[in-house]
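Have a look at the structure below before the remarks.
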Amino acid sequence: MAAEKNTHAAPTAKDMKDIVALCKRRGFIFAASDIYGGLNGFWDYGPLGVELKNNLRDRWWRDMVVTPPIGPDGQPIEIVGLDSAIIQNPKCWEASGHVGGFNDPMVDCKESKKRYRADHLIVLSPNDGQGPWLAFDKEASADEIAQRLKKHARGRPESDYTRGQLDKTPVADFPKIIGPDAKEPGTLTEPRQFNMMFHSYAGAAAGEENKVYLRPETCAGIFLNFKNVLDSSRVRVPFGIAQIGKAFRNEVTPRNFIFRSREFEQMELEWFCHQDDVPMWFDFWVEQRKKFWESVGLPLNHLHFYDTPKADLAHYSARTIDFEYQFPFSGDGFDELEGIAHRGNFDLTQHQEFSKAKLEYMDPTDNTKRYLPHVIEPSAGLSRGVLALLCEAYTPDPNRPSGVYLNFTPAMAPKKAAILPLTAKEEHAAPATNLYLELREDFAVDLDIKQNIGKRYARQDEIGTPFCFTIDDQTNADQTVTVRERNTMAQERISLDKVHEYLRVKMKA
RNA sequence: GCGGGUGUAGCUUAGUGGUAAAGCUCUAGCCUUCCAAGCUAGCUAUGUGGGUUCGAUUCCCAUCACCCGCUCCA
């Protein structure tokens, strides 16, 4: 065994450093703008990465839109697809709460290194203009305020001060202010906007009136098209609208490879149903989504299902379950892969109010019944799913030349099989090429002729190709080939004319 | 955004105030009947920008990217 000659240090455990290196070395994922030094929070998918991502995306689309699951009543449910624009009318984001609601100015304290929302701080300014100003959290107790007045103002009574809000205080006065956790005045920076959404300007003339936003989530486009879909598709409640696409967030700190990036891809379903049926459908979708992740290669015991406590729920949500995966960087914890949320009818209500469009659904069996359907939203990260598949598949194995292999399911593997003539001689290369041309009609396969067979097996192990078909002298004698299985490295001979069927069966398994 | 660390070829490492070395990968050829084998040849690097200096990969500053910890993650 030549493992000790392998220069790609044979890892013994799943380590992000090794996974990132493999992704770059074999062409799964590169830093965006690599030759310019990269760009924080952006990543490019290489030749194999795009195949892997497409496989996951296509499976989701097939499971949702092409062959949606059978519902609790034994009948197939209805889901239709959508591909809405990344940029929508900015009012959309006012209705959703993304503009105005969440982009509060923040101040940093240079001394305590803490960050505060400017509108959460109150400021006491001395009426006689003498001495420092004091900033507090607006929740600060009378005791705390008295304590700090004692410390910084020799116990002057609060009545000597005027109470104001930090975000209403002129920046020119900031040098006099002692921050909530500071000892010296003048440590607070001026309030800054932290824009979670990327913005741009639609049209050549850039002006605030042309300001538009790149969507921070794909679901909004679904709500905006709720009525269009109803009016054009003959769907009836309960039904779903599915969408896959890019979303953009100005995350404060992109981290952990592609896990938290500023441009990413989501797979979202909005399931519209009657309020009374929410509990049934919620449970239904939790089960369906579990089956999905299991079927693409994430064992359920590697996932964690977090039922968000009521107190932590977003204001519009009655229940949320996060599907979390134990990534190598998660430590003993887990990080979110998908969230299933009951959003009530918050979104349709908001968009109906802001757009003035009538979005109510009329019960087709009783046209006196009109209502805004409730929504259950299974929202999965496609980019995060790709990362989870990579991390799950990454398998160090000191007993093979590559030192590591990617244990993708055949259906997710970027390459399903490699066709390898044992030597580059014509009597091997020619039949191999014929087999390759036949198989590529139905499968993503590689033909690799150059170099010795061991190197080629090793390469395929590293990119997670589940099967290698090898053509040798015996192939020409009896029309059989060797199948080499990735995980076991075991070989068997099968008939050349059975190869296509062999692969077809394995893809379904 | 803060603090700490790192940055030499695709990877792993070496080295020096005087113009960068090696192994593996990769490419081409030869050879090879099953696991990175052998022979020959070849491509490829001091993250970026300044400064000091006759000369900087080396020293200094800034910046960018990545890693760890905090913060953030509606």
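Values below: every heavy atom of this structure, side chains too, minus hydrogens, waters and symmetry copies. A note on names: the letters A, B, ... follow the listed sequences, proteins ahead of strands, and every chain is numbered from 1.
- A:E268 and A:S379 form a side-chain donor-acceptor contact under 3.5 Å, judged by distance and modelled atom types alone.
- Spacing between atom CD1 of A:I449 and atom P of B:C26 amounts to 16 Å, rounded to whole angstrom units.
- A 3.5 Å limit on both hydrogen-bonding distances identifies B:G38 as the Watson-Crick or G-U partner of B:C30.
- Counting heavy atoms from C-beta on, the side chains of A:Y201 and A:K211 come closer than 4.5 Å.
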Run the numbers on A:D34 and A:K24 for salt bridge (charged side-chain N to carboxylate O under 4.0 Å, His left out), then give the verdict.
-> CA-CA 11 Å; A:D34 203 3; A:K24 180 177 184 188; 3.7 Å; yes

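- Taking the C1' atoms as reference points, B:G29 lies 41 Å from B:A56, given to the whole Å.
- Taking atom C1' in both B:G15 and B:U57, one finds a spacing of 10 Å when rounded to whole Å.
- Nearest nucleotide to the A:H98 side chain, out of B:C35, B:A74, B:C11: B:A74.
- When the shell of 6.0 Å around OH of A:Y36 is examined, it contains 12 or fewer heavy atoms from other residues, nucleotides or ligands.
- Rounded to whole Å, the distance from NZ on A:K425 to P on B:U32 is 7 Å.
- The nearest whole Å value for the distance from the CG atom in A:D34 to the P atom in B:A9 is 12 Å.
- Atom NZ in A:K17 sits roughly 14 Å away from atom C1' in B:G7 (whole-Å rounding).
- Of the two residues near RNA chain B, A:R260 and A:Q474, the one whose nearest nucleotide lies more 5' is A:Q474.
- For A:Q451, a side-chain nitrogen or oxygen approaches OP1 or OP2 of B:U27 to under 4.0 Å.
- Remark: B:U53 base-pairs with no nucleotide; criterion is Watson-Crick or G-U wobble with both hydrogen-bond distances under 3.5 Å.
- Atom-to-atom distance recorded for A:W43:CH2 and A:I29:CD1 is 8.0 Å, nearest 0.5 angstrom.
- The CG-C1' distance, from A:D472 to B:C35, rounds to 14 Å in whole Å.
- Remark: A:D461 engages A:R400, A:R484 in a salt bridge (Lys or Arg N to Asp or Glu O under 4.0 Å) (not counting sequence neighbours).
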Enumerate all atom pairs, one protein N or O and one N or O from nucleotides 65-69 of chain B, separated by less than 3.5 Å.
unit_1 : atom_1 : unit_2 : atom_2 : d
B:A65  : OP1    : A:N40  : N      : 3.1
B:A65  : O4'    : A:G37  : O      : 3.1
B:C66  : OP1    : A:N40  : OD1    : 3.4
B:C66  : OP2    : A:N40  : OD1    : 2.8
B:C68  : N4     : A:R255 : NH2    : 3.1
B:G69  : O6     : A:R255 : NH2    : 3.1

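- Aromatic rings from A:F329 and A:F257 are positioned such that their centres are separated by 6.0 Å or more.
- Atom name P, nucleotides B:C73 and B:C64: the rounded distance is 23 Å, in whole Å.
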Might you work through the salt bridge (charged side-chain N to carboxylate O under 4.0 Å, His left out) test for A:D397 and A:R486, ending with a clear yes or no?
-> CA-CA 12 Å; A:D397 178 5; A:R486 175 195 61 208; over 6 Å; no

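- With hydrogens and angles disregarded, no donor-acceptor distance shorter than 3.5 Å links the side chain of A:R384 to the backbone of A:Y325.
- Regarding A:E492, its CD atom lies at a distance of 18 Å from the P atom of B:C35, rounded to whole Å.
- With a cut-off of 3.5 Å on both Watson-Crick or G-U wobble distances, the partner of B:C2 is given as B:G69.
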Show your working on salt bridge (charged side-chain N to carboxylate O under 4.0 Å, His left out) between A:R456 and A:D448 and close with a plain yes or no.
-> CA-CA 7 Å; A:R456 286 178 282 162; A:D448 194 354; 5.1 Å; no

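- Listed nucleotides: B:C35, B:A36, B:C34. Nearest to the side chain of A:R484: B:C35.
- A gap of 13 Å separates the P atoms of B:G4 and B:C61, to the nearest Å.
- Rounded to a whole angstrom, the distance from the P atom of B:U6 to that of B:A21 is 26 Å.
- Pairing for B:A21 goes to B:U13, judged as Watson-Crick or G-U wobble with the two contacts each under 3.5 Å.
- At the heavy-atom level, A:A424 lies under 4.0 Å from base atoms of the strands shown.
- Residues from residues 452-460 of chain A that place a heavy atom under 4.0 Å from any atom of RNA chain B, listed by number: A:N452, A:I453, A:G454, A:K455, A:Y457, A:A458, A:R459.
- Within the nucleic acid shown, A:K450 comes within 4.0 Å of sugar-phosphate atoms alone, with no base atom in reach, counting heavy atoms only.
- Taking atom P in both B:C43 and B:A36, the straight-line distance is 27 Å, to the nearest Å.
- Using P as the reference atom, B:G23 and B:A62 are 39 Å apart when rounded to the nearest Å.
- The base-pairing partner of B:A62, taking Watson-Crick or G-U wobble contacts with both distances under 3.5 Å, is B:U48.
- For the pair A:K506 and A:F467, the NZ or CZ position fails the cation-pi test of under 6.0 Å to the six-membered ring centre and within 45 degrees of the ring normal.
- Separation of the C1' atoms belonging to B:U16 and B:A22 is 16 Å when rounded to the nearest angstrom.
- Checked against B:A74, B:C34, B:C11, the side chain of A:K24 finds its nearest nucleotide in B:C11.
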